[in-house]
Number of protein chains: 2
Amino acid sequence: MLPKKTKYAIKALTALAKVYYDKKPLRISQISETEKIPRKFLEAILLELRHQGFVASKMGVTGGYYLSKHPEEIMLSHIIRATGGPIALLPCVSLNFYETCEECPHEELCSLREVVLEVREASLKILSKTSLTDLILREKKLIRNAKK
Amino acid sequence: MLPKKTKYAIKALTALAKVYYDKKPLRISQISETEKIPRKFLEAILLELRHQGFVASKMGVTGGYYLSKHPEEIMLSHIIRATGGPIALLPCVSLNFYETCEECPHEELCSLREVVLEVREASLKILSKTSLTDLILREKKLIRNAKK
DNA sequence: TAAATATACTACTAATTTAGTGGGAATTGA
DNA sequence: TCAATTCCCACTAAATTAGTAGTATATTTA
């Protein structure tokens, strides 16, 4: 399971992507209200996303956050990795949280590892091709279909 | 990530599957040694797997555990579910750990949910078609290829 | 230039989950 | 009877998660 932090990060970045062309920063409090993310927690998440280069910010009374990359370039897999949500089912097949299984004598001969590796590849295939732009387009499509 | 409990359960059940036709139970201590799983933890795991119907046991001096189903019938997805390892990335798409996202006004209109649903389907496709027998056959194949 | 309103940043905390351990009761075979 | 095994309940230490509190710093506007 992904931590809430990751889910909040995706939602916040999607909110920023929606106003990408407005050239005006969005305030933490605005995002917090529309996305229903606890204010202070969101503050900490956005700060981290800034350190990681996803967003930039402006201080002061007209301040707020804005994306520092094009929304088409920000993939779900990037956000998940940056906010500590592991994609792999086991550490022995994780790219970013790799750990050896102490109980495994030869990792390359472990059939369970082979299977969870396949699962990781299948998941990554989807998550690394879905961008913030894709999420927004998908949402529009969902709303359009619901109205029919 | 899957909990260690789940990984241990898969390894223990695979060990039992390997001696399925021996008609003799395997002792906890034997499994614990060959699979390098902490003795007492394994005891608790096997007990739970018995309550869930995966294995049966015999008490006393010639006692031990054995599979109560055919190894071809026990799928990785079953073991993961039984030992509490969620497969889905978010609770809102989990079959066994379902929870609504409080911040989502209309779950059916959430594009993130749609994507993680796809990821779940892709993972489940692999995990629900891989049995203990498959794991053993795969391991043999890995060993055979390594020797070449 | 002072007040108001943003973000920046450090430090702390409460609750939950994970990964076990300890110890004794019940069962079985020799 | 005794030795070896599973059964089962209760407990715990460490890590992780999901935040919160409070203060410092920056920016605009009156």
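Numbered from 1 within each chain, the chains take letters A, B, ... in sequence-line order.
- Heavy-atom distances to DNA chain D give each of Tyr8(A) and Thr62(A) a nearest nucleotide, and the one nearer the 5′ end belongs to Tyr8(A).
- For an aromatic pair to be called close, the ring centres must be under 6.0 Å apart, and Phe54(A) with His78(A) fails this.
- One can find a donor-acceptor pair under 3.5 Å joining the base of dC9(C) and the side-chain atoms of Glu43(A).
- Across the protein-nucleic acid pair, Lys40(B) atom NZ and dC11(D) atom P stand 15 Å apart, rounded to whole Å.
- Residue Glu48(A) contributes atom CD, which lies 13 Å from atom C1' of dT17(D) at whole-angstrom precision.
- The distance between atom CG of Leu42(B) and atom P of dC8(D), rounded to the nearest whole Å, is 16 Å.
- The interatomic distance linking Leu47(A) (CG) with dT10(C) (P) rounds to 9 Å, in whole Å.
- Phe41(B) places its CZ atom 9 Å from the P atom of dT21(C), with the value rounded to the nearest Å.
- Listed pair Arg27(B) / dA4(D) fails the phosphate criterion, with no side-chain N or O lying under 4.0 Å from OP1 or OP2.
- A donor-acceptor contact closer than 3.5 angstrom links the side chains of Thr83(A) and Thr6(A).
- One can place CD1 of Ile28(B) at 16 Å from P of dG20(C), the figure rounded to the nearest angstrom.
- In this structure, Gln30(B) atom CD and dA4(D) atom P are separated by 14 Å, rounded to whole Å.
- The side chain of Val61(A) lies closest to dT28(D) when the candidates are dA8(C), dT28(D), dT21(C).
- In the set dT28(D), dC9(C), dA6(C), dA6(C) carries the atom at the smallest distance from any side-chain atom of Met59(A).
- Here dA4(D) presents its P atom at 18 Å from CG of Leu26(B), a figure rounded to the nearest Å.
- Between Arg39(A) and dA21(D), a side-chain N or O to OP1/OP2 separation shorter than 4.0 Å is absent.
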Item checked: Intermediate values then yes/no, side-chain hydrogen bond (donor to acceptor under 3.5 Å, both in side chains), Thr62(B) and Lys58(B) -> CA-CA 8 Å; Thr62(B) 56; Lys58(B) 200 189 161 200; 2.9 Å; yes

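- Side-chain contact between Cys92(B) and Glu107(B) is present, with at least one heavy-atom pair separated by less than 4.5 Å.
- At dC9(C), one or more side-chain N or O atoms of His51(A) fall inside 4.0 Å of OP1 or OP2 (strictly under the cut-off).
- Using a 4.0 Å heavy-atom distance criterion, Leu46(B) is classed as making no nucleic acid contact.
- Environment of NE2 in His51(B): crowded, with over 12 heavy atoms of neighbouring residues, nucleotides or ligands closer than 6.0 Å.
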